[in-house]
Amino acid sequence: MSITVYGIKNCDTMKKARAWLDEHAVAYAFHDYKAEGIDAARLARWIDTVGWEPLLNRAGTTFRKLPDADKQGLDATKASALMLAQPSMIKRPVVEYPGGLLVGFAPERFARALL
């Protein structure tokens, strides 16, 4: 099974998710979208799959520091532009696996999808 984990290397949630994957011997490739970015086509597929709301990390520092005007009137187009410009606004981790996509770390969801 080909699994790719997208996130930021030093994020605490990412560290938990990667530790869980390692403990359960789940092989994966890691894509650090803070260092490597994220392409528009991939982000568009994610939005088509789960919607933009679960992908946008509103609780993160990057989003909270945005001017109020950038936070108003959010829709898929505006949220996508924000996440492409600053990938750290994408919730972590995003896990692509055959037949699905996981957003955020929850051990029970990971177990159902990946074990």
Side-chain angles (χ1 to χ4, degrees):
M1 178 169 17
S2 176
I3 297 171
T4 304
V5 178
Y6 295 83
I8 297 171
K9 184 169 59 169
N10 293 325
C11 167
D12 288 339
T13 303
M14 284 300 309
K15 290 176 184 176
K16 291 174 190 172
R18 293 176 75 185
W20 186 96
L21 292 165
D22 293 342
E23 288 167 14
H24 291 85
V26 175
Y28 62 93
F30 177 65
H31 179 100
D32 185 336
Y33 49 58
K34 190 166 187 176
E36 301 173 57
I38 191 74
D39 65 88
R42 182 171 310 278
L43 182 59
R45 281 194 307 275
W46 292 352
I47 291 170
D48 286 345
T49 302
V50 299
W52 65 269
E53 294 93 340
L55 288 166
L56 183 63
N57 183 8
R58 294 174 190 250
T61 304
T62 306
F63 183 83
R64 289 193 321 256
K65 286 184 177 181
L66 285 175
D68 286 340
D70 289 345
K71 297 177 193 177
Q72 303 302 317
L74 283 174
D75 59 14
T77 302
K78 191 171 181 180
S80 178
L82 288 172
M83 290 184 276
L84 286 170
Q86 298 187 55
S88 58
M89 271 193 249
I90 302 171
K91 194 169 283 183
R92 302 175 289 275
V94 175
V95 179
E96 287 183 331
Y97 65 96
L101 187 72
L102 298 169
V103 178
F105 177 61
E108 63 282 354
R109 285 188 303 114
F110 271 47
R112 279 194 307 273
L114 305 174
L115 296 181

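Residues take their numbers from the sequence shown, with the count starting at 1.
For the pair Gln86/Phe63, no side-chain contact is recorded, criterion being any heavy-atom separation below 4.5 Å from C-beta on. Residues Arg92 and Asn57 meet the side-chain proximity criterion, which asks for heavy atoms closer than 4.5 Å. With contacts defined as side-chain heavy-atom distances shorter than 4.5 Å, the pair Ile38/Trp46 qualifies. Between Phe105 and Pro93 there is a side-chain heavy-atom pair separated by less than 4.5 Å. At a threshold of 4.5 Å between non-hydrogen side-chain atoms, the residues Met14 and Asp32 do not count as touching. No side-chain heavy atom of Arg45 sits less than 4.5 Å from a side-chain heavy atom of Leu101.
How far CZ of Arg58 is from CE of Met89: 11.5 Å, rounded to the nearest 0.5 Å. Distance check: Leu84 CG to Arg42 CZ gives 12.5 Å after rounding to the nearest 0.5 Å. Taking CG of Leu114 as the start and NE2 of His24 as the end, the distance is 10.0 Å to the nearest 0.5 Å. The line from CG of Leu66 to OG1 of Thr61 is 11.0 Å long, rounded to the nearest 0.5 Å.
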Evaluate side chain to side chain donor-acceptor pair (under 3.5 Å) for Tyr28 paired with Asp22, printing each intermediate quantity in order.
CA-CA 9 Å; Tyr28 62 93; Asp22 293 342; 3.3 Å; yes
For a side chain to side chain contact (heavy atoms under 4.5 Å, CB included) check, start with the C-alpha distance between Lys91 and Met83, then their side-chain angles and the critical distance, and finish with the verdict.
CA-CA 10 Å; Lys91 194 169 283 183; Met83 290 184 276; over 6 Å; no
Would you check, one step at a time, whether the test side chain to side chain contact (heavy atoms under 4.5 Å, CB included) holds for Arg109 with Leu102?
CA-CA 8 Å; Arg109 285 188 303 114; Leu102 298 169; 3.8 Å; yes
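Cluster membership check: Val50 does not share its hydrophobic cluster with Val95, using side-chain heavy-atom separations under 4.5 Å among Ile, Leu, Val, Met, Phe, Trp and Tyr. When the side chains of ILVMFWY residues are joined at heavy-atom separations under 4.5 Å, either directly or via intervening members, Ile90 and Ile8 end up in a single hydrophobic cluster. Under a hydrophobic clustering in which Ile, Leu, Val, Met, Phe, Trp and Tyr are joined whenever their side-chain heavy atoms come within less than 4.5 Å, directly or via other members, Tyr33 and Phe30 fall into different clusters. One hydrophobic cluster, built from ILVMFWY side chains closer than 4.5 Å, cannot hold both Tyr97 and Val103; they sit in different ones. There is no path of hydrophobic side-chain contacts, each under 4.5 Å, that joins Leu21 to Val94.
Using a 30° and 60° split on the angle between ring planes, Tyr6 and His31 fall in the tilted class, from 30° to 60°.
Listed here is the closest heavy atom pair of Lys78 and Asp75: N-OD1, 2.8 Å.
For Lys16, the NZ atom sits in a loose shell: 12 or fewer heavy atoms of surrounding residues, nucleotides or ligands are nearer than 6.0 Å. Within a 6.0 Å radius of NZ in Lys34, other residues, nucleotides and ligands contribute 12 heavy atoms or fewer.
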